[in-house]
A.B. asks: 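Below are the C-alpha cells for one structure; questions will follow.
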Amino acid sequence: MASNNEIERRRTFAIIAHPDAGKTSLTEKLLLFGGQIQVAGAVKSNKIKKTATSDWMDIEKQRGISVTTSVMEFDYKDYKINTLDTPGHQDFAEDTYRTLTAVDSVIIVVDGAKGVETQTRKLMEVCRMRNTPVIIFVNKMDREAKDPFDLLDELEEELSIHVRPLTWPIESGARFKGAYNIYEHNLNLFQPSKQVVTEKVEVDVNTEELDEQIGASLAEKLRGELELIDGVYPEFDKEEYLKGELAPVFFGSALNNFGVQELLDCFAEIAPSPRPVKAEEREVEPGEPKFTGFIFKITANIDPNHRSCIAFCKICSGKFTRNAPYLHVRHGKTVRFSSPTQFMAQRKTTIDEAWAGDIIGLPDNGTFKIGDTLTEGEMLHFRGLPSFSPEMFKYIENADPMKQKQLAKGIDQLMDEGVAQLFVNQFNGRKIIGTVGQLQFEVIQYHLENECSAKCRWEPLSLYKACWIESDDPAELEAFKKRKYQYMAKDREGRDVFLADSGYVLQMAQMDFKNIKFHFTSEF
Ligand code: G4P
C-alpha cells in the first residue's frame with residue numbers, strides 16, 4: 001500500500017499567468033512555505049527581459065539556466081508538491097502548452113488591476129481542452145484593484161468557468177485591510193511585509209469584534225458583500241472543481257506573502273493527486289504497479305561544443321527506479337538511466353526512485369522525441385501532446401549544397417525537441433517551418449550553423465494558419481485536396497494539413513466543405 005500513499009500525496013501543478021502578473025513572486029512564496037528556500041528574493045526570475053528580443057543568445061542562456069528551476073519540488077505538511085515552471089516569454093508558448101499536458105491541476109495568477117489578459121486566456125483554453133482543475137489567485141491587492149465583484153464576472157466570462165470566492169478582500173491599494181477567509185471564517189489582516197506571515201484573527205462577522213478590527217463602515221460593507229456572495233454563488237463543490245468546471249478564487253499579494261498560505265492550504269487539500277492518463281491502447285491508472293511515463297519537454301543546454309539535453313519525463317504510473325531496464329517504445333529498445341535527476345529550488349540531484357506524478361530529468365543525446373513513451377515492456381503510446389497551429393511560417397532552404405544531409409538531420413533533431421513544427425508542401429515538396437514567435441527562426445538557424453555545420457536560408461511565406469483536416473467522407477476529402485492542392489502539406493506524422501493563407505480563405509473552405517473538420521491543434 002506504501003506505493004499508493006506515495007502517489008496519493010503528490011500534487012503536480014503549474015502556475016500560469018500573463019507576464020508580470022506575479023508568477024515568480026508566488027512560486028517563491030510557495031517555496032518559502034515548503035522550506036526549500038529560507039528568504040524571499042532567493043528565486044531568480046526566469047523571465048526574459050523584454051528589451052533583449054534581438055539578443056536571443058541571452059534568452060537561450062537564461063533558458064539553459066532555468067533548466068534546474070523548471071521543475072521544483074517540495075514537501076508541505078504530508079504532501080509532496082511538484083511545481084512546473086512555464087516560460088514567461090510568449091515566443092515559448094508552445095513549451096507552456098506542452099508543460100500543461102504533464103500537470104494534474106493549475107493555479108492561475110491574475111493581476112487585480114489588469115484582470116484577465118491575453119496570455120491567461122490562451123492558457124486557459126489549453127486547460128479547458130483537458131478539463132484541468134483550476135484555482136485562481138487574484139494578485140497585487142495591495143495596489144488599486146478592480147472591484148472584486150467585477151473581477152469575478154470578468155473571470156467567469158473571459159475564462160468560461162464558474163467561480164467561487166473562498167477569500168474576500170477588504171478594499172485594495174492604500175486602503176487594503178486584508179481578506180476574510182470565507183471557508184475558515186477568520187480574518188487575515190494585512191501588514192505589508194515580504195517575510196512575515198500574518199496571524200489570522202478568528203472573528204464572528206456578526207459581532208462587534210469585526211467593527212473593532214476593521215472599523216464600523218468597512219465591517220458593515222463586508223457583511224453586505226458576504227451576504228451577496230452567499231446569495232449569488234453556490235456553495236463550493238469540490239467535485240465540480242475536479243471536473244474543471246468551477247474555480248475557487250483567492251485574493252492576496254504574492255509580493256507581501258499575503259493570502260498565499262490560505263491558497264496553499266486549500267490547494268494541498270483539494271487539488272487532485274495524479275490522474276489517470278490516456279494512452280492510445282488504454283487508460284493508465286497512476287496506482288498500477290508497473291512504471292510508465294512520457295517525455296513532454298526537451299531542453300538543450302547552450303554548450304556549442306556538445307549538444308547535451310535533458311528530457312523531462314512525467315511518470316504516469318508505478319515507480320521509476322534508477323538503472324532499471326525500461327522499454328523505449330518508439331525504438332523498441334531497452335534503456336537504462338544511471339543518472340536520472342529531480343529538481344529542488346536551485347539544484348539538481350540524482351535520484352534512485354520516483355513515483356507517479358513526479359517529473360524526472362533524463363540525460364539525452366538525441367534518443368528522445370517529444371511524446372515518447374517509456375514502459376516496463378508494454379507497447380503503450382501516450383496521447384495528448386498537441387501541436388498548435390503555428391503563427392509564423394517560413395520556407396527553409398539549404399544554403400550549402402555540400403551539407404544537405406547535415407541540414408536534414410539538424411532540422412529533424414530540432415523538431416524532435418519541439419522547437420518548431422515542420423510541414424512539407426505536397427505540391428512543390430518544399431519544407432516549411434512554423435513557429436509561434438520570430439525568435440525560434442533565429443534559434444534554429446544558430447543551432448544548425450553551430451552544432452550541425454549546416455547552413456539554412458529563410459524565404460518569406462505569408463500564411464494565416466495551418467489546419468489539420470479530417471472527414472468521414474473520403475470523396476469530399478479527396479475533392480478538397482484536389483481543389484487546394486497548392487496549399488496541402490503533411491506534418492511529420494504524415495497527417496494532412498491545410499495551409500490557409502488568410503482568414504477569409506479558411507472561412508470559405510469551411511463553408512464549401514461542410515463535411516470536413518478543420519482543427520487548429522493536432523490532437524482531436
Ligand atoms: P511574473 O513572474 O508573472 O512575470 O511576475 P513577477 O512575480 O516577476 O512580478 C512582476 C512584478 O510585479 C514585479 O515587479 C513584482 O515585484 C511585482 N509584484 C508581484 N506581486 C506583487 C504584489 O502582490 N504586489 C505588488 N505591488 N507588486 C507585485 P518588478 O518591478 O517587475 O520587479 P522587481 O524589481 O520587483 O523584482
Side-chain angles (χ1 to χ4, degrees), residues 13-33 36-37 39-53 58-59 62-63 65-66 69-72 83-93 95-96 99-100 106-124 134-146 148 151 167-179 188-198 249-264 345-346 437:
F13 80 108
I15 302 180
I16 55 180
H18 190 86
D20 268 355
K23 184 164 64 72
T24 310
S25 310
L26 182 64
T27 307
E28 177 180 281
K29 297 308 175 318
L30 295 178
L31 291 176
L32 271 176
F33 283 112
Q36 278 296 337
I37 52 170
V39 287
V43 174
K44 290 272 166 294
S45 164
N46 79 345
K47 220 179 350 172
I48 289 157
K49 297 278 172 273
K50 292 165 201 100
T51 50
T53 37
D58 274 354
I59 295 180
Q62 288 184 39
R63 285 225 307 163
I65 293 161
S66 73
T69 53
S70 45
V71 184
M72 286 166 271
T83 316
L84 273 67
D85 196 9
T86 51
H89 197 289
Q90 67 171 27
D91 279 10
F92 294 109
D95 245 24
T96 304
T99 299
L100 293 181
V106 302
I107 293 179
I108 297 182
V109 184
V110 172
D111 183 324
K114 294 188 178 145
V116 176
E117 296 172 85
T118 42
Q119 200 67 358
T120 328
R121 219 173 281 125
K122 273 197 188 168
L123 294 168
M124 182 65 202
V134 163
I135 298 180
I136 300 173
F137 183 73
V138 179
N139 190 27
K140 305 197 187 180
M141 291 308 293
D142 59 319
R143 291 216 190 130
E144 214 53 53
K146 292 186 182 179
L151 266 168
T167 64
W168 193 250
I170 303 163
E171 305 292 293
S172 69
R175 291 166 289 109
F176 186 48
K177 285 278 177 304
N188 189 1
L189 292 172
F190 179 65
Q191 268 175 337
S193 161
K194 293 181 187 164
Q195 304 287 355
V196 181
V197 180
T198 45
V249 180
F250 290 81
F251 292 84
S253 165
L255 186 68
N256 293 294
N257 204 353
F258 184 83
V260 177
Q261 193 167 21
E262 288 87 333
L263 172 77
L264 180 58
Q346 262 112 5

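Indexing begins at 1, ligand by ligand and atom by atom, following the structure's order. Just the heavy atoms: all of them, side chains too, but no hydrogens, waters or symmetry mates, feed the values below.
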A.B. asks: Out of I16, T24, L26, who is nearest to atom 2 (O) of ligand 1 when you count heavy atoms only?
C.D. replies: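 Minimum heavy-atom distance to atom 2 (O) of ligand 1 goes to T24.
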A.B. asks: Of the options I136, I170, V138, V110, which is the one that meets F251 in a side-chain contact (heavy atoms from CB on, under 4.5 Å)?
C.D. replies: V138
A.B. asks: Any nitrogen or oxygen of N256, main chain or side chain, under 3.5 Å from a nitrogen or oxygen of ligand 1?
C.D. replies: no
A.B. asks: Give the single entry among A145, A254, G259, S25 that approaches atom 7 (O) of ligand 1 most closely by any heavy atom.
C.D. replies: S25
A.B. asks: Pick whichever of A113, G22, P19 has a heavy atom sitting closest to atom 5 (O) of ligand 1.
C.D. replies: G22
A.B. asks: Enumerate the atoms of ligand 1 whose separation from the nearest heavy atom of K23 is less than 4.0 angstrom.
C.D. replies: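 By the 4.0 Å cutoff, the relevant atoms are 1 (P), 2 (O), 3 (O), 5 (O), 7 (O).
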A.B. asks: Which atoms of ligand 1 are found less than 4.0 Å from any heavy atom of L255?
C.D. replies: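 Those of ligand 1 that fall under 4.0 Å from L255 are 16 (O), 20 (N), 21 (C), 22 (C), 23 (O), 24 (N), 25 (C), 27 (N), 28 (C).
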A.B. asks: Please state whether the rings of F258 and F190 are parallel, tilted or perpendicular, taking 30° and 60° as the class boundaries.
C.D. replies: perpendicular
A.B. asks: As an exercise, identify every atom of ligand 1 less than 4.0 angstrom from a heavy atom of S253.
C.D. replies: 22 (C), 23 (O), 24 (N)
A.B. asks: For E117, which residues count as a side chain to side chain donor-acceptor pair (under 3.5 Å) partner, sequence neighbours excluded?
C.D. replies: none
A.B. asks: Just jot down the ligand 1 atoms closer than 4.0 angstrom to any heavy atom of D20, in number order.
C.D. replies: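 Contacts of ligand 1 toward D20, numbered from 1: 1 (P), 3 (O), 4 (O), 5 (O), 10 (C), 12 (O).
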A.B. asks: Would you indicate whether the side-chain heavy atoms of R121 and V116 approach each other to under 4.5 Å?
C.D. replies: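 They are in contact (side-chain heavy atoms under 4.5 Å apart), so the answer is yes.
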A.B. asks: Spell out, as yes or no, whether a donor-acceptor pair under 3.5 Å connects the side chain of N139 to the backbone of A254.
C.D. replies: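 It does hold such a pair.
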A.B. asks: Do D111 and D20 have side-chain heavy atoms sitting under 4.5 Å apart?
C.D. replies: no
